[in-house]
Number of protein chains: 2
Amino acid sequence: MEKQLKRMATMQRLQTTGLELFYQKGYYNTSVDDILKELSLSKGAFYYHFQSKEEFFISIVQNLLFRKIYSALIEPIEGEEDPLNKIALCFDNALETAEHNFLDYGFVLSNFITEFNGKNPEIMNYLQDILKVWEVNLVTALQKGKTDGYVSRHIDSEAVASYLISSYIGVRTLMVEGNSKILRYKHIQQLRQYLKSMEYKEPA
Amino acid sequence: MEKQLKRMATMQRLQTTGLELFYQKGYYNTSVDDILKELSLSKGAFYYHFQSKEEFFISIVQNLLFRKIYSALIEPIEGEEDPLNKIALCFDNALETAEHNFLDYGFVLSNFITEFNGKNPEIMNYLQDILKVWEVNLVTALQKGKTDGYVSRHIDSEAVASYLISSYIGVRTLMVEGNSKILRYKHIQQLRQYLKSMEYKEPA
DNA sequence: AGTATAACAGACTTAATGGTCTGCTAGAAG
DNA sequence: CTTCTAGCAGACCATTAAGTCTGTTATACT
């Protein structure tokens, strides 16, 4: 029975540090040996558990990335009242973790999209699926906000959702070391202004 | 005298197709041989004109990328009246060329930023310099818009500029094949709404 | 015409990488 | 205690990359 545990533990360790390194250095620029060196493991270990580097990466996307994004960026908004405020808070939190140089999974996702775009359609599908779930959730939250009287009925929920994701992805791309604090501040300020413009207003 | 011309021509050809391939496949995923194969040139030619792959890339950034971005995204806004409209038009134009799968240099820039972030500080500096020029120009245009009576005096020009760049970078990251048309439409729609919220309003 | 050299061709070197394969070892099973 | 195998170590292989170096050719200059 203990072997099952060891198996799981080793796979988890590989995936965790795999994601870290892939994020820091990119997929193509991270060798399997880099990951193994970090964990003092050998090639034998890696290829015993995973068929290839690509299959390994996909397992990371599905097991780690998707779940993390869901819990960090999707679930907090789900079913909440006052979606506009909730969205601003959620994005602000994510940017805060990003500022302290932790893994910000929304950004990790966009990094990978940039890296695999036009190169690996299969992986691209997995990545885009995550984006779709994110977008659908935002749209749902906005629509619910309309019926609950928090959001103006005139807005195009899908357009807003995609604009929100776009600007988030964009600011994270630009948040490189040194300027992240100011950029985050500016971004949240403008985000709130943008969101404010679509609040429901009591008919006079 | 003809040798000078040949020298320039070869270097230009290398840089042009170099940029294309680096954009399509990424810097690290494009070999010098890939570029040479495209042009039916040899290693001797390449290393006769350039010291290394890195120096070659930097020359591309400074000679091609910077100038293209300047003429496509910076110059069209410079000194114009009604900056809000001009910005929307300029961004729309850029996204249109992007939709037809041509080189969109603003996006190329953000792709490279993503690729080199945390890996090559020297190249990062060259890339960020371009961003700074872009941002400064947007700020200047917005400030001029204030004095000319087109833009509300209450806005934070720097925050708006960085938010504009962010959202542009973001939407281009997400504009992968298939969904680009809808995404562009949604984006411009929301961009115009966002810009509208900062128009100068005649005091009642 | 003769020579020097700019511009290039292409074989070669060195280092890294994804993946294979054989073998060892600890713990589960009988 | 013996046997078997999951889990792993690490040498090895094939390929690819950046960069070097020597040789070749066309052109400018005298």
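Letters go in sequence order (proteins before strands), and every chain restarts at 1.
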In residues 11-20 of chain B, what donor-acceptor pairs under 3.5 Å come from side-chain atoms, sequence neighbours left out?
unit_1: B:Gln15; atom_1: NE2; unit_2: B:Ser59; atom_2: OG; d: 2.9
unit_1: B:Thr16; atom_1: OG1; unit_2: B:Gln12; atom_2: O; d: 2.7
unit_1: B:Thr17; atom_1: OG1; unit_2: B:Arg13; atom_2: O; d: 3.2

Practice prompt. Classify the side-chain pair B:Thr140/B:Asn137 by whether it contains a donor and acceptor separated by less than 3.5 Å.
Written response: no
Worksheet item: Are side-chain N/O atoms of A:Asn120 and A:Tyr28 paired as donor and acceptor at under 3.5 Å?
Response: no
Worksheet entry | Minimum-distance nucleotide (side-chain atoms of A:Ser42 versus D:dG19, C:dC8, D:dG10) | D:dG10
Length of the [atom1]-[atom2] vector between [X] and [N], whole Å:
X: B:Lys6; N: C:dA7; atom1: NZ; atom2: C1'; answer: 6 Å
X: B:Tyr48; N: C:dT5; atom1: OH; atom2: P; answer: 12 Å
X: B:Phe46; N: D:dT20; atom1: CZ; atom2: C1'; answer: 14 Å

Only counting residues at least two apart or in another chain, list the ones meeting ring pair (Phe, Tyr, Trp, His ring centres under 6.0 Å) with [X].
X: B:Tyr150; result: none
X: A:Tyr23; result: none
X: B:Tyr105; result: none
X: B:Tyr70; result: none

Worksheet, complete the sentence: Taking five pairs at each terminus, the helix from C:dA1-D:dT30 to C:dT13-D:dA18 shows an axis bend, to 10°, of 10°
Discussion item. Taking only side-chain N and O atoms of A:His49, does any of them lie within less than 4.0 angstrom of OP1 or OP2 on D:dC8?
Written reply: yes
Discussion item. Between B:Tyr168 and B:Asp104, does the side-chain hydrogen bond (donor to acceptor under 3.5 Å, both in side chains) criterion hold? Intermediate values first, please.
Written reply: CA-CA 11 Å; B:Tyr168 180 80; B:Asp104 166 27; 2.7 Å; yes
Discussion item. For A:Asp34 and A:Ser31: C-alpha separation, side-chain torsions, deciding distance, then whether side-chain hydrogen bond (donor to acceptor under 3.5 Å, both in side chains) applies.
Written reply: CA-CA 5 Å; A:Asp34 288 339; A:Ser31 67; 3.2 Å; yes
Atom pairs, protein N/O to nucleotides 12-15 of chain C N/O, distance under 3.5 Å:
none

Discussion item. With the threshold set at under 4.0 Å for non-hydrogen atoms, list the residues of residues 51-64 of chain A touching DNA chain C in residue-number order.
Written reply: A:Ser52, A:Lys53
Worksheet entry | Residue closer to the 5' end of DNA chain C, B:Gly44 versus A:Tyr47 (nearest nucleotide) | B:Gly44
Item to complete: Determine which pairs satisfy salt bridge (charged side-chain N to carboxylate O under 4.0 Å, His left out) with at least one residue from residues 65-80 of chain A, sequence neighbours left out, and list them in order.
Response: none
Practice prompt. Can you run down the salt bridge (charged side-chain N to carboxylate O under 4.0 Å, His left out) pairs that involve residues 139-154 of chain B, sequence neighbours left out, and say none if there aren't any?
Written response: B:Lys144-B:Asp148
Worksheet, complete the sentence: Residues passing the side-chain contact (heavy atoms from CB on, under 4.5 Å) test with A:Ser52, sequence neighbours excluded, are A:Glu54, A:Glu55
Fill in: Neighbours of DNA chain D within residues 9-41 of chain A, by heavy-atom distance under 4.0 Å
A:Thr10, A:Ser40, A:Leu41
Discussion item. Set out, in order, the CA-CA distance, both residues' side-chain angles and the distance that settles side-chain hydrogen bond (donor to acceptor under 3.5 Å, both in side chains) for B:Tyr163 and A:Gln189, then state yes or no.
Written reply: CA-CA 9 Å; B:Tyr163 194 75; A:Gln189 174 192 329; over 6 Å; no
